[in-house]
Amino acid sequence: MTTKLSRRRFLKVAAAGAGSIGATALLAACGGAAPQGGQPTGGQAQPAAPVQGDTVVTEITFWWWDQVGEVWKEPFEKAHPNIKLNFVNTPFADAHDKLLTSFAAGSGAPDVASIEIGRVGNFTAKGGLADLLAPPFDAGSLKNDMVAYKWTQGSTADGRLVCLPWDIGPAGVWYRTDIFEALGLPTEPEAVEELIGGPNRTWDDFFAFAKQLKEKSGGKTSLFADAGTDIYGAVYRQQGEGYADGNKVLIEEKATRPFQLAARARKEGIDANIPWWGAEWQTGLKDNAFAGMVIACWMQGGLTREQPDLVGKWRVIRAPEANYNWGGSFMAIPEQSKNKEAAWTFVKWACATAEGQNIMFKASGVFPAYKPAWQDPLYDEPVPFFGGQRAYRLWTEIGDNIKAIFRTPNDLQLDDIVGAELTKVLQDGKDPVQAAKDAEAEALRRIPDLQG
């Protein structure tokens with residue numbers, strides 16, 4: 001069993017779910033998807049620009065790791081007949097590692113690249129991507145229309161914007177109304193949030209309710225699956241994702257309380273002790289081993305396909321104490337692009353128009369970072385998955401009120417270091433305070449440029 005909190009692990013596990021349509025859809029919704037077989041991996045030489053009548057057509061190449069990217073091709077080309085969009089479905093690792101390799105080699109990059117939140121620090125801290133605040137781009141005019149924390153994450157320490165926000169992962173507490181009703185608990189979101197959610201409720205309130213639910217079920221059902229993902233993952237991210245501020249390591253500051261709360265949940269037996277993302281989790285969901293989860297909006301896509309019998313039984317509320325985000329991605333234009341203006345036309349249309357953002361949202365569940373897209377009536381409609389709850393409007397309210405700090409090129413390594421200590425806390429009973437100290441010491445030992 002593992003408790004390591006990593007969306008990268010989630011991508012791998014879901015992709016390994018061999019032929020699972022649900023896994024692909026779920027990954028699309030959280031900014032990463034299972035690679036489709038037989039697709040090229042990019043880096044091909046671009047063909048000569050074709051001519052349509054008297055119009056020269058500029059071709060641009062767009063890398064993303066999910067085939068759903070094709071949904072943009074027809075409407076974009078219809079709106080911009082002088083630009084042809086060549087979508088290249090690129091495996092998740094290649095979309096990032098191959099992009100970095102192309103920078104070192106001086107060739108091979110696409111015109112438009114997709115970058116996932118867990119990798120963005122590798123790009124904001126290095127060269128290779130165009131500054132979208134500089135001519136011929138005009139990203140500065142979009143700043144107030146973008147979710148603030150996402151803009152910060154795509155920016156560099158010296159004030160450049162190299163990754164334009166694309167999508168976000170607002171998160172909250174999900175619960176099953178059928179289980180709540182059977183146990184004699186309230187089911188309406190307003191009533192449940194009054195008990196355990198929002199800024200006026202604490203994790204202590206949440207834990208007390210979790211104890212009550214488990215007792216009412218005779219010990220058969222927990223409120224949530226795993227203290228690592230559901231508790232640590234939420235409490236840590238409520239502070240803003242990232243364990244470093246520039247070169248200053250913040251592990252003790254940011255991980256100690258989340259470690260303590262996760263350890264408490266495990267010790268009190270209020271989680272189902274079922275690790276996320278795998279077959280055991282799916283079985284636990286079917287067997288009512290847990291009645292809820294603390295997770296992001298992108299879970300809807302996969303659950304709709306993998307657990308269709310539960311559609312309509314879910315509701316969602318805000319997490320106790322503070323809002324948080326898990327996941328999301330960006331678009332960027334490599335300096336190598338020979339078609340920067342055409343590339344920017346596409347990036348701006350896809351990420352900063354209601355049309356582009358909502359075409360993708362309707363197709364995949366990828367939630368827009370561009371706030372004007374939320375003005376569509378779609379966001380106030382009842383959502384069948386959530387039993388008619390107007391959950392999309394709730395996601396917008398959560399997404400517009402989230403903390404953020406700059407990402408760093410050390411993020412992946414720091415995630416792994418902290419994840420290893422979390423495993424010791426939950427599996428071996430290690431003292432949470434000592435685990436945070438040891439994680440910070442290990443980070444300082446392994447990453448020379450960090451400071452305590």
> Is a side-chain donor or acceptor of R315 paired with a backbone partner of G312 at a separation under 3.5 angstrom?
Replying inline: yes
> Do we see a donor-acceptor contact under 3.5 Å between the side chains of W344 and D138?
Replying inline: yes
> Sub-3.5 Å donor-acceptor pair from the side chain of N358 to the main-chain atoms of A373, do we have one?
Replying inline: yes
> Where the side chain of S364 meets the backbone of M360, is there a donor-acceptor pair that is under 3.5 Å apart?
Replying inline: yes
> Any side-chain donor-acceptor pair under 3.5 Å between Y149 and N325?
Replying inline: yes
> How are the rings of F62 and W72 set relative to one another: parallel (under 30°), tilted (30 to 60°) or perpendicular (over 60°)?
Replying inline: tilted
> So which heavy atom on L414 is nearest to which on A244, and how close?
Replying inline: CD1-CB, 3.9 Å
> Can you find a heavy atom in the side chain of F123 that is under 4.5 Å from one in the side chain of F330?
Replying inline: no
> Which heavy-atom pair separates G242 from K254 by the least distance, and what is that distance?
Replying inline: O-NZ, 2.7 Å
>> Whether R119 and D97 form a salt bridge (side-chain N of Lys/Arg under 4.0 Å from carboxylate O of Asp/Glu) is what I want to check.
In response: yes
> Quick check: does any side chain N or O of T177 sit under 3.5 Å from a backbone N or O of T187, one acting as donor and the other as acceptor?
Replying inline: no
>> Has Q357 got a side-chain atom pairing as donor or acceptor with Y370's backbone, closer than 3.5 angstrom?
In response: yes
>> For the CD1 atom of I115 and the OG1 atom of T124, what is their distance to the nearest 0.5 Å?
In response: 9.0 Å
> Does E194 pair with R201 as a salt bridge, N-O distance under 4.0 Å?
Replying inline: yes
> With ring centroids as reference points, do F209 and Y175 lie under 6.0 angstrom apart?
Replying inline: no
> Considering all heavy atoms of both residues, which atom of G301 and which atom of R305 are nearest to each other, and what is their separation?
Replying inline: O-NH1, 2.9 Å
> How are the rings of W64 and F87 set relative to one another: parallel (under 30°), tilted (30 to 60°) or perpendicular (over 60°)?
Replying inline: perpendicular
> Short question: side chain of T345, backbone of A343 - any donor-acceptor pair under 3.5 Å?
Replying inline: no
> Taking NZ, NE, NH1 and NH2 as the nitrogens, is one of them in D380 or R393 under 4.0 Å from a carboxylate oxygen of the other?
Replying inline: yes
> How are the rings of Y236 and Y232 set to each other: parallel, tilted or perpendicular (split at 30° and 60°)?
Replying inline: parallel
> What residues form a salt bridge (charged side-chain N to carboxylate O under 4.0 Å, His left out) with K73, not counting sequence neighbours?
Replying inline: E77
>> Checking D400 now: which residues fulfil side chain to side chain donor-acceptor pair (under 3.5 Å) with it, not counting sequence neighbours?
In response: K371
> Looking only at heavy atoms, what is the nearest atom pair of I317 and P189, with distance?
Replying inline: CG2-O, 3.5 Å
> Taking atom types as modelled, is there a side-chain donor on D376 or Y392 under 3.5 Å from an acceptor on the other?
Replying inline: no
> Is N144 atom CG crowded by more than 12 heavy atoms from other residues, nucleotides or ligands, each under 6.0 Å away?
Replying inline: no
> Is W166 close to V366 at the side-chain level, that is, under 4.5 Å between some pair of heavy atoms?
Replying inline: yes
> Is it the case that S222 and D271 place a side-chain donor and acceptor less than 3.5 Å from each other?
Replying inline: no
>> Less than 4.0 angstrom from a charged side-chain N to a carboxylate O is my criterion; do E193 and R318 meet it?
In response: yes
> Which atom names give the shortest non-hydrogen contact between P320 and Q238, and what distance separates them?
Replying inline: O-NE2, 2.8 Å
> Between V311 and P384, what is the shortest heavy-atom contact and its length?
Replying inline: CG1-O, 4.2 Å
>> Does any part of the side chain of W314, heavy atoms only, come nearer than 4.5 Å to the side chain of Q389, both counted from C-beta?
In response: no
>> Please evaluate residues K286 and Q307 with respect to the criterion side chain to side chain contact (heavy atoms under 4.5 Å, CB included), reporting the C-alpha separation (whole Å), side-chain torsions for both, the decisive distance (0.1 Å), and the verdict.
In response: CA-CA 8 Å; K286 291 178 181 178; Q307 304 286 347; 3.6 Å; yes
>> Taking atom CD as the centre, does E74 end up with more than 12 heavy-atom neighbours from other residues, nucleotides or ligands that are less than 6.0 angstrom away?
In response: no
> Does any donor atom in the side chain of R176 or N288 lie under 3.5 Å from an acceptor atom in the other side chain?
Replying inline: yes
>> Whether the side chain of K214 engages the backbone of G269 through a donor-acceptor N/O pair (distance < 3.5 Å, no angle test) should be reported.
In response: yes
> Can you tell me how far CG of L450 sits from OG1 of T408, rounded to the nearest 0.5 angstrom?
Replying inline: 7.0 Å
> Going from CD on E421 to CG on L426, what distance comes out if it is rounded to the nearest 0.5 angstrom?
Replying inline: 11.5 Å
> Counting only heavy atoms not in E397, do more than 12 fall under 6.0 Å of its CD?
Replying inline: yes
>> Please evaluate residues M293 and L303 with respect to the criterion side chain to side chain contact (heavy atoms under 4.5 Å, CB included), reporting the C-alpha separation (whole Å), side-chain torsions for both, the decisive distance (0.1 Å), and the verdict.
In response: CA-CA 12 Å; M293 61 187 81; L303 288 175; 4.0 Å; yes
> Do E321 and N200 have side chains that get closer than 4.5 Å, going by heavy atoms?
Replying inline: no
>> So, using salt bridge (charged side-chain N to carboxylate O under 4.0 Å, His left out) as the criterion, who are the partners of D204 when residues are at least two apart?
In response: R264
>> Nearest 0.5 angstrom please: L164 CG to L133 CG, how far?
In response: 9.5 Å
>> Any carboxylate oxygen within less than 4.0 angstrom of a Lys/Arg side-chain nitrogen, looking at D145 and K143?
In response: no
>> Just verifying a value: how many Å separate Q153 CD and R407 CZ, rounded to the nearest 0.5 Å?
In response: 6.0 Å
> Hey, what's the ring geometry for W298 with W326, parallel, tilted or perpendicular (30° and 60° as the breaks)?
Replying inline: perpendicular
>> Using side-chain heavy atoms (C-beta onward) and a distance below 4.5 Å, is K211 in contact with L213?
In response: no
>> Test side chain to side chain contact (heavy atoms under 4.5 Å, CB included) on D94 and W63; report intermediate values, then the result.
In response: CA-CA 9 Å; D94 282 357; W63 287 4; over 6 Å; no
> Does the gap between the ring centers of H96 and W65 come in under 6.0 Å?
Replying inline: yes
>> A side-chain contact here means heavy atoms from C-beta on lying under 4.5 Å apart; do D226 and R266 qualify?
In response: yes
> With a 3.5 Å cut-off and no angle check, do the side chains of E253 and Q239 form a donor-acceptor pair?
Replying inline: no
>> With rounding to the nearest 0.5 angstrom, report the CG to OH distance, L250 to Y243.
In response: 11.0 Å
>> Just so I know, are the side chains of L129 and F103 near enough to count as touching, which here means a heavy-atom distance under 4.5 Å?
In response: yes
>> What I'd like to find out is whether the side chain of W174 reaches to under 4.5 Å of the side chain of Q300, using heavy atoms alone.
In response: yes
>> side chain to side chain contact (heavy atoms under 4.5 Å, CB included), that's the test. Do D167 and F361 meet it? Break it down for me.
In response: CA-CA 9 Å; D167 69 281; F361 177 52; over 6 Å; no
>> If the test is ring pair (Phe, Tyr, Trp, His ring centres under 6.0 Å), which one of W281, F206, W276 qualifies with F224?
In response: F206
